Structures are given as structure tokens and as C-alpha cells.
Amino acid sequence: MADELTPETPEEEQPKKKHKQRKNGLYPGVSEELAASMRTGWADTELRGLEPIAQAVHTAARRSALSRRFPGERPVVPAGRLKTRSNDTEYPFRASTEYAYLTGDQTENGVLVLEPTGETGHTATVYLLPRSDRENGEFWLSGSGELWVGRRHSLTEAEQLLGMPAKDVRKLPEELAEAEGPVRTVRAHDSVIETALTDKVTKERDEELRVYLSEARAVKDAFEIGELQKAVDSTVRGFEDVVKVLDKAEATSERYIEGTFFLRARVEGNDIGYGSICAAGPHACTLHWVRNDGDVRSGDLLLLDAGVETHSLYTADVTRTLPISGTYTDIQRKIYDAVYASQEAGIAAVKPGAKFRDFHDASQHVLAEKLVEWGLVEGPAERVLELGLQRRWTLHGTGHMLGMDVHDCAAARTEAYVEGTLEPGMCLTVEPGLYFQADDLTVPQEYRGIGVRIEDDILVTEDGNRNLSAGLPRTSDEVEAWMARLKS
Ligand code: GLY
Ligand code: MN
Ligand code: MN
């Protein structure tokens, strides 16, 4: 951004002297005449008769559940603040999951406060930055003024949209300082709020709030399931985009794949839900390969693990391992088909009443059998699993909860998640893989440098499961046919 566009200091912070230059002398001061001009002559743009956002009824129910869990207490849940990248440039802002889950709002500096109304019950208020003040020049002189960053909703508009009272967040630290009774907050999002609450909160009690909000998200409501399906549908289109430009990726690098998927994510959604893994050739064996700066070669595989995040902040998490040429080699197909069989076994184990670990165990069993069958490890499979020997090549767990965070519900207690039981409305990934590192001397040469993962987003239903990402092919034959169609 050019220097002449750097916002000026608000008038009230300017020295009184007319035309006084700022200390560094780079920018002209603001004359009384200009300040007066900028104060007036603006139309009323207040939006009236706004309808509540689609998830308002659900966010209200989530706040009620939070209220029931912490009677007589004051939960304080911040959205977070802009993070400076350098000088006056900030990283893209993404509201905290906890705040967005409870309010449906995504603006920086927002804070949800549930004020206890007695022994039970709360009044929920969202604290927000109001419209920029034109009287003190904030709207055009401050870097966070609306003239620079765009119009915000007025507090009245926010109340209509979010379905709860809204107040000026700049007054919140003072209000919190005076607040009586037990307070809890979600840490690591907003240092101003944390400072205001220093003497009122404890680490242990705040952690209980974080754990509650993680576990509360395990079962998705109807709005959330719809959003997850939208995220997956966009992701399917993003994968199709990538297949169509593989020749361009071959002429450049993995970055072409990253950029192609990102375009779909930004046009149809809010963003990507996590750094896209665009791993060609042996990069597929690096689990979180996000550098994406390698060559894309015909004859190699491309492991693409990517997900679109919707405007409401729900993300997909899908992986396909594709033959860049359009056809798997024999060894690639053998490994791919083994991972497919493992994923089939895993998906079949996803149903209400099953333990969370069941799908992992089912998938791992198939992989262990294959590794024994191929002579890579001494059997039987039960021995391999007992000793965990398959993990040299399977590397990671077979899946995780999915929602607003790609690794959703991560703060949940072990008994509620990893050792828990599946219920209708839970959504999880099933993503087994086999990875033979390029320098793995324990496997024959032909395996080395091949990594395969297949990942789908599976919703637990009343009578089993639904594969939200069934719009992408999974068997090796289907993948080849799909690629041939898209490339023709
Ligand atoms: N994309 C990260 C994962 O699959 O968990
Ligand atoms: Mn995943
Ligand atoms: Mn993934």
C-alpha cells in the first residue's frame, strides 16, 4: 500500500495547532476545514427490516445449552483480533470457532457474553465494533475506520441479524472489570479481554469451557449438516478443476494445483479449511506436504488433500490419490486398491452405537493383512497389529471429527471422543493410507516413493452412515474413468 494512502491519526489525537504536521513529518495534518467537511454530508445508510441469518435459531439453541452447563456463571467468548503481519498489514482474519459457533458472527473484536440472570438462565449479548464515528473522524482517519476496511453493521443491524442484543465492544473491558460472580473465557483469542479478566479467571476453569465447547460440537444440527454438504460439494468441483489443469501443473509445479483449488474455495466459499496438500510423486509420503513447490510428472501419483470452507466456516476434508497420466501403473494400482479396501472396511464400521475406534481398527486390519500378503512384514496380521508394526507405513490415525475445524472437537475429553461412541449427526473422516518413503530400504524398490491416501467425509445417520463426498470416485477404475471424462 502506498504511503500516501496510509490512514491519518484521528482528529482528537492530533495536536490542536492548525495544519500541524505529524511527528514524522511524512503526512500533512488535517485542517479544521477538512475535518468539518468530512463530518457532514453523508447519507443515512442504516439497513432496516433485516431477517435473521439462517443459523440464528441454531446459535440460540447452542447458547441455551451453554447457559444450562454454566448456571450462575459468566462465559465470555471472543472472536479474536486482527494479527499484524508487518506494519499496517494484517493476516487474513478468521473468527474463532467457538465464537462463530455460538453467534453466527465472524467479525474481528466481537465478544459473546452470557450474563447470569440468577441461579439459572442468562442474557446473551454480543459485543461488537459499532459503525465508525464520523464526529471524531475515526471513519476516515483510523486504519480500522470503515472508509479503509469497509462498512460494518450497526449494532441495531447486528441485533436483527444475530437475534440477540448487541453492544459496543469498546466498553466491554470496563464492564468486565466491574462484573461480579464467576467468569470463564476461551483463551488465546483476544489479549485485551484476557487482560481485563486476569483476576477473575483460572486456567482450569477456562479449560473446562473450552472442553465443553469442543464436545458440544460433536453432534451436528441440521444447519451444520447442510453446510458440511455444501463444503464437500464445492470441494468436489475443486478436485474436478484440478484434474482439468494437470497438464498446466506438469508444465509448472504443484503450485498450479494449489492455486486452482484455492480459486474454487474463494469463489464459492470463504477460504480453504486448511493448507491444501498437493503432493506429487514421493511428496505424497510427507503427511502435511504444504510447500507444494515440487514437479508434477506424468507416471507419478498426485495425492491431493484439500477442503473448501463455506461462508459459515464449515470445512470439507477430502483426499484423492490420482494417476497424473490418467492411468495407474500396476504397483500404484495394487497399493491404491489395498487402501481402498481398507477404507471400505472403515466406512462400514461407521454407525450409531459403534465405538469411535472401530473404524480405525477395521481399516488397520485390512492394511496389516495386505502388508503381510506382500511379504513386507512377518505375519500373521494379528501379530503385526499387536506390535503396531504396520504403522511404519500407515503413519496416522484413520480419521477425526470434522466441522468448523478440520480437526474438530480437538479439545474433547478422551472418553467423549477417542474412547467415545458414535451418534447420529457426528461427522468424521475415514482416511487410511499407505506410505512407502523414497528411502525405505525395507521394501522393494518398486514401492519406494509411493504414497496413497483416500479420505471421505462420513456422516453418522440413524441407521448407518452417509458418505458426503460420494460425488468423487473412489475405486481405481472409477477414478481413471472420471479423469478420462474430465480431460476429454
Ligand atoms: N487434511 C488433514 C487431515 O486429513 O487430517
Ligand atoms: Mn483428515
Ligand atoms: Mn485431509
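Bear in mind that the values here come from a model prediction, so they are computed numbers and not experimental data.
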Is the shortest side-chain N to carboxylate O distance from D295 to R297 below 4.0 Å?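 So D295 pairs with R297 through a salt bridge.
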How long is the straight-line distance from [atom2] of [Y] back to [atom1] of [X], given to the nearest 0.5 Å?
X: D247; Y: T252; atom1: CG; atom2: OG1; answer: 9.5 Å
X: M426; Y: N465; atom1: CE; atom2: CG; answer: 14.0 Å
X: L434; Y: Y447; atom1: CG; atom2: OH; answer: 10.0 Å
X: T442; Y: Q437; atom1: OG1; atom2: CD; answer: 10.5 Å
X: I450; Y: K334; atom1: CD1; atom2: NZ; answer: 9.5 Å
X: M404; Y: S96; atom1: CE; atom2: OG; answer: 8.5 Å

Could you report the tightest heavy-atom contact between [X] and [Y], atom names first, then the distance?
X: V430; Y: F359; value: CG2-CD1, 3.8 Å
X: I324; Y: L246; value: O-CD1, 4.1 Å
X: N270; Y: T310; value: CB-O, 3.3 Å
X: E146; Y: R152; value: OE1-N, 3.4 Å
X: S144; Y: S132; value: O-OG, 4.4 Å
X: Y435; Y: T394; value: CE1-O, 3.7 Å

Given side chain to side chain contact (heavy atoms under 4.5 Å, CB included), test F239 with V243 step by step and report yes or no. CA-CA 6 Å; F239 275 62; V243 170; 5.8 Å; no
With a 4.5 Å heavy-atom cut-off, do [X] and [Y] have their side chains touching?
X: F436; Y: R448; answer: no
X: T59; Y: L162; answer: no
X: R392; Y: D440; answer: yes
X: F356; Y: E419; answer: no
X: L322; Y: W482; answer: yes
X: Y99; Y: V186; answer: no
X: L102; Y: L213; answer: yes
X: E431; Y: I454; answer: no

Has [X] got more than 12 heavy atoms of other residues, nucleotides or ligands less than 6.0 Å from its [atom1]?
X: R466; atom1: CZ; value: no
X: R187; atom1: CZ; value: yes
X: R151; atom1: CZ; value: yes
X: E51; atom1: CD; value: no

Does the salt bridge (Lys or Arg N to Asp or Glu O under 4.0 Å) test come out yes or no for E90 and K83, once each step is laid out? CA-CA 6 Å; E90 282 98 23; K83 188 169 184 296; over 6 Å; no
Report yes or no: does [X] contribute a side-chain atom to a donor-acceptor pair with the main-chain N or O of [Y] at less than 3.5 Å?
X: E480; Y: T327; answer: no
X: E157; Y: L47; answer: yes
X: T235; Y: V308; answer: yes
X: N109; Y: V169; answer: no
X: D457; Y: D317; answer: yes
X: Y328; Y: D337; answer: no
X: S342; Y: A338; answer: no

Go through the side-chain N and O atoms of [X] and [Y] and say whether any donor and acceptor fall under 3.5 Å apart.
X: T461; Y: D463; answer: yes
X: E98; Y: H189; answer: yes
X: S469; Y: D456; answer: yes

Just to verify, which of R320, H288, R453 counts as forming a side-chain hydrogen bond (donor to acceptor under 3.5 Å, both in side chains) with D305?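 Between D305 and the candidates, side-chain hydrogen bond (donor to acceptor under 3.5 Å, both in side chains) is satisfied uniquely by R453.
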Stepwise, does the side-chain hydrogen bond (donor to acceptor under 3.5 Å, both in side chains) test hold for T315 with E309? CA-CA 4 Å; T315 189; E309 178 189 66; 6.0 Å; no
Could you walk me through whether C409 and E215 pass the side chain to side chain contact (heavy atoms under 4.5 Å, CB included) check? CA-CA 6 Å; C409 312; E215 293 180 5; over 6 Å; no
Could you label the plane-to-plane angle of the H283 and W289 rings as parallel, tilted or perpendicular, counting under 30° as parallel and over 60° as perpendicular?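 Judged by the thresholds at 30° and 60°, the geometry between H283 and W289 is parallel.
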Parallel under 30°, tilted from 30 to 60°, perpendicular over 60°: which one fits the rings of F223 and Y314?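 Perpendicular.
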Working for side-chain hydrogen bond (donor to acceptor under 3.5 Å, both in side chains), residues E227 and H311: CA-CA 9 Å; E227 291 301 295; H311 293 291; over 6 Å; no
Does the separation of the ring centres of Y417 and H400 fall below 6.0 angstrom?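 Between H400 and Y417, which both carry aromatic rings, the centre distance is not below 6.0 Å.
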Take D408 and R217 through the test salt bridge (Lys or Arg N to Asp or Glu O under 4.0 Å) and record every step on the way to the result. CA-CA 8 Å; D408 211 32; R217 301 203 309 275; 3.1 Å; yes
Check against side chain to side chain contact (heavy atoms under 4.5 Å, CB included), S253 and D293: CA-CA 6 Å; S253 78; D293 58 358; 5.6 Å; no
Pair T185-D206, side-chain hydrogen bond (donor to acceptor under 3.5 Å, both in side chains): steps then yes or no: CA-CA 5 Å; T185 192; D206 288 354; 5.8 Å; no
Apply side chain to side chain contact (heavy atoms under 4.5 Å, CB included) to L128 and T107, showing your working. CA-CA 8 Å; L128 299 167; T107 52; 3.6 Å; yes
Checking E207 against R210 for the salt bridge (Lys or Arg N to Asp or Glu O under 4.0 Å) test, could you report, in this order, the C-alpha distance in whole Å, the side-chain angles of both residues, the deciding distance, and whether it holds? CA-CA 5 Å; E207 181 61 11; R210 191 173 81 99; 3.0 Å; yes
